[in-house]
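Below you'll find the structure, written out as structure tokens, and then a few comments.
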Amino acid sequence: MKIATWNVNSLRVRLTHVLDWLQHEQPDVLALQETKTEDANFPVGELESAGYRSIFRGQKTYNGVAILSRKPALDVVSDLPNLEDPQRRILAATVDGWRIVNLYVPNGSEVGSDKYAYKLDWLARVHVWLEQELLHHPRMVVVGDFNIAPEDCDVHDPAAWHEKILCSAPERQAFRDLLALGFSDAFRAFEQPERSFSWWDYRMNGFRRNLGLRIDHILISRGLEKSCQACRIDAEPRKRERPSDHAPVVAQFG
DNA sequence: ATGGTAGGTTTCCTA
């Protein structure tokens with residue numbers, strides 16, 4: 001089982017990148033964030049031709065999540081009982097017996113802003129929901145753009161980012177609180193190159209200079225730890241013309 | 001303190 005996550009920053013613009021990447025990597029599941037695509041326009045046919053089924057919850061202009069999978073996605077959930085939210089940021093489904101939860105965590109804009117408060121509240125509600133979900137789905141993988149760099153080693157310049165958005169103590173605590181439910185950060189279960197990042201700002205030649213953050217994650221429940229064989233960030237698509245500002249993260253299970 | 005870039009359908013908002 002190979003499970004991946006990728007913030008594509010507009011599926012319309014990035015469709016050829018996604019199709020090429022699917023063909024090259026052949027994942028069983030690919031979770032997408034920031035599709036920025038209304039459901040009526042989702043490219044079901046192109047993905048079907050590539051061998052993937054799609055489920056999606058999109059909206060105009062912003063947000064939007066999808067799960068692409070070789071096998072059918074069942075028991076789809078996109079609205080939490082404790083979170084009424086027009087923003088399409090959550091999509092969960094069971095694929096081949098694996099519970100997949102795809103999250104596009106709010107960015108938060110700036111520490112102390114209204115959007116920051118929304119982010120922390122959103123995370124707290126997702127925390128409550130995941131605690132219940134875990135009871136029913138011991139084989140659970142929570143993936144997505146968390147918009148949180150968990151530790152200073154996930155930040156190119158920890159001093160410059162100190163207590164800034166994506167790096168503030170409350171955000172990092174919320175991330176640790178999710179882990180404490182019974183998940184581990186798959187990426188850190190393996191030896192990794194130093195300065196491994198999953199997002200680089202489009203500005204200031206961020207990618208070329210590797211001025212990035214690791215904010216895209218794959219969390220695996222306890223029951224899956226032994227079967228997880230590898231987790232890596234694939235920076236190759238970021239080198240292409242008109243890339244997403246995020247790279248895919250991939251976990252391989254035996 | 002600010003700007004730099006990208007995507008959307010914009011005369012700015014979000015990231």
Side-chain angles (χ1 to χ4, degrees), chain A residues 5-21 30-43 46-47 56-66 83 85-91 102-123 126 143-150 154-157 159-168 170-172 174-175 197-217 233-249:
Chain A
T5 177
W6 194 3
N7 179 323
V8 290
N9 186 18
S10 169
L11 183 55
R12 185 184 68 80
V13 174
R14 231 65 68 189
L15 183 58
T16 56
H17 289 208
V18 170
L19 291 170
D20 291 348
W21 194 81
L30 173 59
L32 302 176
Q33 304 86 36
E34 281 204 274
T35 55
K36 297 184 175 179
T37 306
E38 287 182 298
D39 290 350
N41 303 326
F42 199 91
E46 289 93 328
L47 292 161
F56 38 83
R57 293 291 185 277
Q59 65 186 93
K60 195 190 271 195
T61 311
Y62 302 121
N63 310 313
V65 283
L83 175 59
D85 190 355
Q87 301 191 27
R88 309 278 51 163
R89 298 180 174 277
I90 297 173
L91 189 57
N102 179 15
L103 302 179
Y104 176 45
V105 177
N107 171 283
S109 185
E110 223 177 310
V111 173
S113 66
D114 289 351
K115 291 192 177 71
Y116 182 73
Y118 164 65
K119 178 181 194 171
L120 294 178
D121 180 64
W122 191 96
L123 284 163
V126 167
V143 307
D145 176 359
F146 285 70
N147 269 317
I148 300 171
D154 302 310
V155 181
H156 69 90
D157 186 345
W161 284 85
H162 180 71
E163 291 301 327
K164 294 286 197 300
I165 197 65
L166 315 183
C167 299
S168 73
E171 291 167 90
R172 287 177 166 179
F175 186 81
F197 308 125
S198 67
W199 169 84
W200 303 261
D201 201 307
Y202 284 122
R203 298 165 287 193
M204 312 288 283
N205 281 313
F207 181 66
R208 188 180 56 73
R209 300 158 67 198
N210 199 29
L211 308 181
L213 304 177
R214 191 177 70 92
I215 57 177
D216 301 271
H217 306 298
I233 296 167
D234 181 9
E236 288 304 313
R238 190 66 173 80
K239 301 173 181 171
R240 294 185 58 167
E241 289 288 314
R242 279 194 102 187
S244 168
D245 44 353
H246 295 252
V249 186

Enumerate all atom pairs, one protein N or O and one N or O from nucleotides 7-11 of chain B, separated by less than 3.5 Å.
| residue | atom | partner | partner atom | Å |
| --- | --- | --- | --- | --- |
| dG7(B) | OP1 | Arg14(A) | NH1 | 3.0 |
| dG7(B) | OP1 | Arg14(A) | NH2 | 3.4 |
| dG7(B) | OP2 | Arg242(A) | NH2 | 3.1 |
| dG7(B) | O3' | Ser10(A) | OG | 3.2 |
| dG8(B) | OP1 | Ser10(A) | OG | 2.3 |
| dG8(B) | OP2 | Arg12(A) | NH2 | 2.6 |
| dG8(B) | O3' | Thr61(A) | OG1 | 3.3 |
| dT9(B) | OP1 | Thr61(A) | N | 3.3 |
| dT9(B) | OP1 | Thr61(A) | OG1 | 2.5 |

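- Distance CG (Leu211(A)) to P (dG4(B)): 17 Å, rounded to an integer number of Å.
- In terms of the side-chain hydrogen bond (donor to acceptor under 3.5 Å, both in side chains) criterion, residue partners of Asp20(A) (sequence neighbours excluded) are, by chain and number, Arg240(A).
- Salt-bridge check for Lys119(A) with Glu171(A): passed, with a basic side-chain N closer than 4.0 Å to an acidic carboxylate O.
- Between the CG atom of Asp145(A) and the C1' atom of dT14(B) there is a distance of 13 Å, given to the nearest Å.
- With rounding to whole Å, Asn205(A) atom CG is found 19 Å from dG3(B) atom P.
- Between Trp199(A) and Asp216(A), the side chains place no donor N or O within less than 3.5 Å of an acceptor N or O (distance only, hydrogens not considered).
- Considering only residues two or more places apart in sequence or on other chains, Arg214(A) meets the salt bridge (Lys or Arg N to Asp or Glu O under 4.0 Å) condition with Asp154(A), Asp185(A).
- When the nearest nucleotides of DNA chain B are assigned to Asn63(A) and Arg203(A) by heavy-atom distance, the more 5′-ward of the two goes with Arg203(A).
- In summary, the side chains of Ser10(A) and Glu34(A) do not present any donor paired with an acceptor at a separation below 3.5 Å, with no hydrogens or angles considered.
- Straight-line distance from the CD atom of Gln33(A) to the C1' atom of dA6(B): 18 Å, rounded to whole Å.
- To the nearest angstrom, C1' of dT5(B) lies 15 Å from CG of Asn107(A).
- A donor-acceptor pair under 3.5 Å is formed between the side chain of Asn102(A) and the backbone N or O of Ala66(A).
- Nearest-nucleotide positions on DNA chain B for Asp201(A) and Lys115(A) put Asp201(A) closer to the 5' end.
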